[in-house]
Amino acid sequence: MKKRWLLNLVMLCVVAGLVSFLYLRPKQTADQDAIYEVSSYKLGEFNAVSVEFPTKAAVTFEKVDGYWRLTAPVKMRADQASVQRILSIIAAKSKEKITKDKHADSRFEAADLEKFGLNNPSVKLKLFRDKTNVEEFAFGTHNPVTDDQYVLHRNAVYLIANFYVEAASTQVIELIDKAPLKPTEKVAGFDFSHLEQWQDSKLRIDLVNGKWKASISVAKPQQNEMNEWLDFSWIHNPAKSVEIYTPDRKVTYPSFEIKMADGSKVHFDKIQESPDLLLGRPDEGLIYNFPSDVGFTMLNPPINLPN
């Protein structure tokens, strides 16, 4: 009987201790668990972007016919994925939201902004719906503990991953589309007759009524092979890098042309074949750099010539 009484006493003490712990432990507030959305915008709302820096020219984009183009400091096709990464700021989330007054829409003063490095932002990102309707995101200093970055939007300061400012600060040359063909260009044929390996045979290949035809009579192009070659060598084959190209009229390079479904032609200069293939596209003002093995496949379609 005495043992049972002692056991009950011990159990009572354990329960009392557990209740005390649960009651006295620090309580997490709703704010500690809150996740704040920096905005609720949608990608389709915006048709222009400006990335502004304190000491260098702004980088700007504009959406034209559904595709993003660089408009400054150079006019080029933009890498669509890079622009999407810049725009992803609208979906950023933060565990911290700081306002001047939680109960009023009072604005930050200069001294308040200085605490976060927002009195002189390192980057300003502006998203335009039109010329007068703009949303601005200003980037400040990094939190020394988490390395997250303070960003100001609509009079609230958030602490977000530094991925967003890195995306906005990408070098201009990396923001240029590395695909040799525009997404709107539909290939109808190739004229390789001015390349060294095809000069004697004057190779031309054309897509006629959905089927590939080669100008070399003994060639037997297989349709599936040709379609795969076009897809993987030209349609979905971005260059590993690009650079600005200003053609030298005093230099003549081996060249070829790609025929388009609308009757237009795109000219390429073969500037170099190894160690990498360098193709210059004069109308785009770019040189596209491909690995040599990829480049060989691009300029040698599988037309199945007899041995």
Side-chain angles (χ1 to χ4, degrees), residues 28-64 66-73 78-170 172 175:
Q28 290 185 327
T29 64
D31 287 344
Q32 288 177 305
D33 294 328
I35 298 294
Y36 301 98
E37 294 184 346
V38 175
S39 83
S40 58
Y41 312 131
K42 296 180 180 179
L43 290 177
E45 293 183 46
F46 304 103
N47 53 43
V49 176
S50 177
V51 185
E52 300 176 2
F53 307 91
T55 58
K56 61 179 182 179
V59 178
T60 62
F61 305 86
E62 185 177 346
K63 187 179 283 187
V64 179
Y67 295 97
W68 289 99
R69 288 190 59 84
L70 268 163
T71 52
D79 178 67
Q80 304 301 299
S82 294
V83 182
Q84 298 290 342
R85 284 192 288 270
I86 294 172
L87 286 168
S88 68
I89 183 69
I90 67 175
K93 295 182 179 180
S94 172
K95 291 184 178 180
E96 189 170 345
K97 180 180 180 180
I98 306 163
T99 57
K100 175 66 175 176
D101 187 335
K102 292 184 178 180
H103 306 290
D105 189 24
S106 53
R107 303 193 65 79
F108 285 102
E109 298 174 1
D112 300 314
L113 295 176
E114 190 173 359
K115 297 176 185 177
F116 310 109
L118 290 163
N119 54 327
N120 292 303
S122 59
V123 177
K124 285 185 179 180
L125 174 59
K126 296 180 180 179
L127 311 182
F128 294 83
R129 294 184 181 87
D130 53 51
K131 292 182 179 180
T132 59
N133 193 343
V134 58
E135 300 293 342
E136 180 176 311
F137 300 83
F139 294 88
T141 56
H142 294 261
N143 182 292
V145 177
T146 64
D147 200 37
D148 289 343
Q149 189 166 17
Y150 292 105
V151 62
L152 174 66
H153 175 60
R154 288 206 169 191
N155 206 40
V157 175
Y158 302 88
L159 193 58
I160 63 175
N162 57 24
F163 159 84
Y164 300 100
V165 76
E166 290 175 356
S169 304
T170 302
V172 173
L175 296 170

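When a residue number appears, it is its place in the shown sequence, counting from 1.
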Electrostatic pair R154:E136 at N-O distance under 4.0 angstrom: no
ring-ring contact (aromatic ring centres under 6.0 Å, His included) partner of H153, chosen from F139, Y158, Y41: Y41
Exercise: identify the closest heavy-atom pair between N143 and T146: OD1-N, 3.1 Å
NZ or CZ of R85 within 45° of F163 ring axis and under 6.0 Å: no
S94 (side chain) donor-acceptor with L159 (main chain) under 3.5 angstrom: yes
Smallest separation among heavy atoms of S50 and F128, with atom names: CB-CE1, 3.8 Å
Nearest heavy atoms of K93 and I160, plus distance in Å: O-CG2, 4.0 Å
Rounded distance (nearest 0.5 Å) linking atom CD1 of I35 with atom NZ of K97: 13.0 Å
Residue pair V151, V157: steps toward the side-chain contact (heavy atoms from CB on, under 4.5 Å) verdict: CA-CA 6 Å; V151 62; V157 175; over 6 Å; no
Heavy-atom side-chain proximity of V134 to T132 below 4.5 angstrom: no
Nearest heavy-atom neighbours spanning S82 and D79: OG-OD2, 2.6 Å
Nearest non-hydrogen partners of P54 and P121, listed with the distance: CG-O, 3.5 Å
Donor-acceptor pair, side chain of H142 and main chain of D147, under 3.5 angstrom: yes
Euclidean distance, L43 CG relative to I90 CD1, rounded to 0.5 Å: 4.0 Å
Within-4.5 Å side-chain heavy-atom neighbours: I86 and F61: yes
E45 side-chain N/O to R129 backbone N/O, donor-acceptor pair under 3.5 Å: no
Partner set under ring-ring contact (aromatic ring centres under 6.0 Å, His included) for F116, not counting sequence neighbours: Y150
Least distance between heavy atoms, T99 atom then A156 atom: CG2-CB, 4.0 Å
Close side-chain approach of F46 and E135, heavy atoms under 4.5 Å: yes
Distance in Å, L152 CG paired with I98 CD1, rounded so as to fall on 0.5 Å steps: 10.5 Å
Check: Q80 and Y67 side chains under 4.5 Å, non-hydrogen atoms: yes
Candidates V51, V123, V59 - the one meeting side chain to side chain contact (heavy atoms under 4.5 Å, CB included) with S169: V123
Side chains of W68 and L87 in contact at under 4.5 Å (non-hydrogen atoms): yes
Evaluation steps, side-chain contact (heavy atoms from CB on, under 4.5 Å), between I89 and L125: CA-CA 9 Å; I89 183 69; L125 174 59; 3.5 Å; yes
SB check E62 R69 (cutoff 4.0 Å): no
K126/E52 salt bridge by N-O under 4.0 Å criterion: yes
